[in-house]
Amino acid sequence: MITIYGSPKSSSGRCFWCLEEIEKTYNVSPINFKEKEHKSTSYLKINPNGKTPTLTDDDFVIWESIAINFYLAETYKTELLGIDNKQHGLVQQWSLWGIGELQPPIIDVFIQLVFVPEERRNNEVIEKAMAKIPGLLVVLNDALEGKNNLVGDKFTLADLNVASVASLCSEIKFSLTSYKNIQIWLTKISERPAFRKYQKLL
């Protein structure tokens with residue numbers, strides 16, 4: 001039985017979405033950070049980092065959201081990885097780019113706007129992060145020129161993992177008006193049944 005530890009309203013969200021894509025029944029074990037459940041002895045036994053998400057599949061344990069999604073795809077729905085090794089490599093490339101390049105500045109802004117009281121916000125952090133985002137979105141927008149998906153002609157983990165980050169632009173009030181390909185891509189993704197199920201969890 002699959003159990004995911006975490007909340008769909010966090011970086012665990014892309015794992016909840018992936019679970020809906022593979023259409024497997026799963027249990028949810030919320031972690032209360034205010035009560036410091038993430039630092040409890042029982043939780044640290046399965047994730048010594050004291051972070052979420054963590055996923056267990058019977059007696060197998062894995063953490064880190066991207067690693068979890070690749071495990072789920074490789075185990076239960078290999079078409080999410082692409083049709084051959086070249087596509088698999090590109091799916092990995094875009095997934096790592098999404099969390100390694102695009103996510104950091106977006107999350108820097110998100111933290112300041114959502115979690116830091118207005119009077120204590122660091123405007124320098126916000127400005128520096130906002131300045132990085134346009135160039136990254138150009139890379140993504142150009143990659144989607146004339147295409148419905150990032151890799152091949154079908155939806156893959158590349159789309160899921162990168163969209164889970166790009167969609168946060170609306171949360172930080174960063175307009176995607178200048179990035180038409182991204183807008184079209186996100187709209188098509190939002191129509192997926194699995195995505196809609198995931199959205200109902202938020």
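Basis for what follows: all heavy atoms, side chains included, without hydrogens, waters or symmetry-related copies.
Looking at heavy atoms from C-beta onward, E64 lies out of side-chain contact with I66 at the 4.5 angstrom threshold. Contact of the I172 side chain with the I126 side chain is not registered, since no non-hydrogen atoms from C-beta on lie closer than 4.5 Å. At a threshold of 4.5 Å between non-hydrogen side-chain atoms, the residues K51 and W63 do not count as touching. Using a 4.5 Å heavy-atom cutoff, the side chains of L160 and L80 are not in contact. The closest side-chain heavy-atom distance from V91 to S95 is below 4.5 Å. Side-chain contact between L55 and T3 is absent, with no heavy-atom pair separated by less than 4.5 Å. Between Y179 and C169 there is no side-chain heavy-atom pair separated by less than 4.5 Å. Considering only heavy atoms from C-beta on, I2 stays 4.5 Å or farther from N27 through its side chain.
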Task: Step-by-step side-chain hydrogen bond (donor to acceptor under 3.5 Å, both in side chains) determination, E20 to Y26 - done: CA-CA 9 Å; E20 296 298 340; Y26 61 94; 2.7 Å; yes
TODO: Starting from the C-alpha separation in whole Å, work towards a yes-or-no answer on side chain to side chain contact (heavy atoms under 4.5 Å, CB included) for I62 and T54.
DONE: CA-CA 6 Å; I62 185 169; T54 301; over 6 Å; no
Open item on the list: Quick one, R14 with V165, criterion side chain to side chain contact (heavy atoms under 4.5 Å, CB included). Give me CA distance, side-chain angles, the key distance, then yes/no.
Closed with: CA-CA 9 Å; R14 62 176 65 102; V165 178; 3.4 Å; yes
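Using modelled atom types, one side-chain atom of S7 and one backbone atom of K9 make a donor-acceptor pair closer than 3.5 Å. Side-chain N or O atoms of D58 include one that pairs as donor or acceptor with a backbone N or O of M1 at under 3.5 Å. A side-chain donor-acceptor contact under 3.5 Å links D159 to the backbone of T156. The backbone N or O of L157 sits less than 3.5 Å from a side-chain atom of N161, completing a donor-acceptor pair. Judged by distance alone, with hydrogens and angles left aside, the side-chain atoms of N69 form no donor-acceptor pair with the main-chain N or O of C18 at under 3.5 Å. Remark: the backbone N or O of N122 is paired with a side-chain donor or acceptor of Q112 at under 3.5 angstrom. In this structure a side-chain-to-backbone donor-acceptor pair under 3.5 Å is missing from T75 to L72.
Looking only at atom types and distance, the side chain of Y5 has no donor-acceptor partner in the side chain of T56 under 3.5 Å away. Residues W185 and N149 bring no donor and acceptor atom of their side chains to less than 3.5 Å of each other. A donor-acceptor contact closer than 3.5 angstrom links the side chains of D57 and Y76. E145 and N181 share a side-chain donor-acceptor pair at under 3.5 Å. Side-chain polar atoms of W97 and Q93 form no donor-acceptor pair below 3.5 angstrom. Side-chain contact, D153 with N148: no donor N or O sits under 3.5 Å from an acceptor N or O.
Interatomic distance, I182 CD1 to L140 CG, rounded to the nearest 0.5 Å: 4.0 Å. Residue S164 holds its OG atom at 7.0 Å from CD of Q103, rounded to the nearest 0.5 Å. The structure places CH2 of W17 at 7.0 Å from CD of E21, a figure rounded to the nearest 0.5 Å. Separation of atoms NZ (K128) and CG (N123) is listed at 12.5 Å; rounding is to 0.5 Å. Note that NZ of K154 and CD of Q87 are 10.0 Å apart. Values are rounded to the nearest 0.5 Å.
Side-chain rings of Y43 and H38 stay apart, their centers remaining 6.0 Å or farther from each other.
The hydrophobic cluster containing W94 does not contain L96, counting ILVMFWY residues as joined when their side-chain heavy atoms lie under 4.5 angstrom apart, directly or transitively. Put simply, L90 and I83 are part of two different groups of oily side chains (I, L, V, M, F, W, Y) that touch within less than 4.5 Å, one to the next. M130 and V138 fall within the same hydrophobic cluster, defined by Ile, Leu, Val, Met, Phe, Trp and Tyr side-chain heavy atoms under 4.5 Å apart, directly or through other members. I184 and L186 are members of different hydrophobic clusters when ILVMFWY side chains are connected at heavy-atom separations under 4.5 Å. The hydrophobic clustering, which links ILVMFWY residues whose side-chain heavy atoms are closer than 4.5 Å, places I31 and L19 apart.
The side-chain contact (heavy atoms from CB on, under 4.5 Å) test with S65 singles out one residue from S10, P53, S12, and that residue is P53. When each of I107, L136, V139 is checked for a side-chain contact (heavy atoms from CB on, under 4.5 Å) with L102, only L136 meets the rule.
When every heavy atom of G100 is checked against every heavy atom of P104, the shortest pair comes out as O-CG, 3.5 Å. Minimum heavy-atom separation, P105 to K132: CB-CB, 4.2 Å. When all heavy atoms are compared, the tightest approach of G98 to V162 is CA-CG2, 4.3 Å.
Under 4.0 Å is where a charged nitrogen must lie from a carboxylate oxygen, and between E191 and R196 no such pair does.
Using the six-membered ring where Trp is involved, F110 and F115 have ring planes that are perpendicular, over 60° apart on the 30 and 60° scheme.
Within a 6.0 Å radius of NZ in K197, no more than 12 heavy atoms belonging to other residues, nucleotides or ligands are found. Counting non-hydrogen atoms of neighbouring residues, nucleotides and ligands closer than 6.0 angstrom, the CG atom of N32 exceeds 12 such neighbours. Within a 6.0 Å radius of NZ in K147, other residues, nucleotides and ligands contribute more than 12 heavy atoms.
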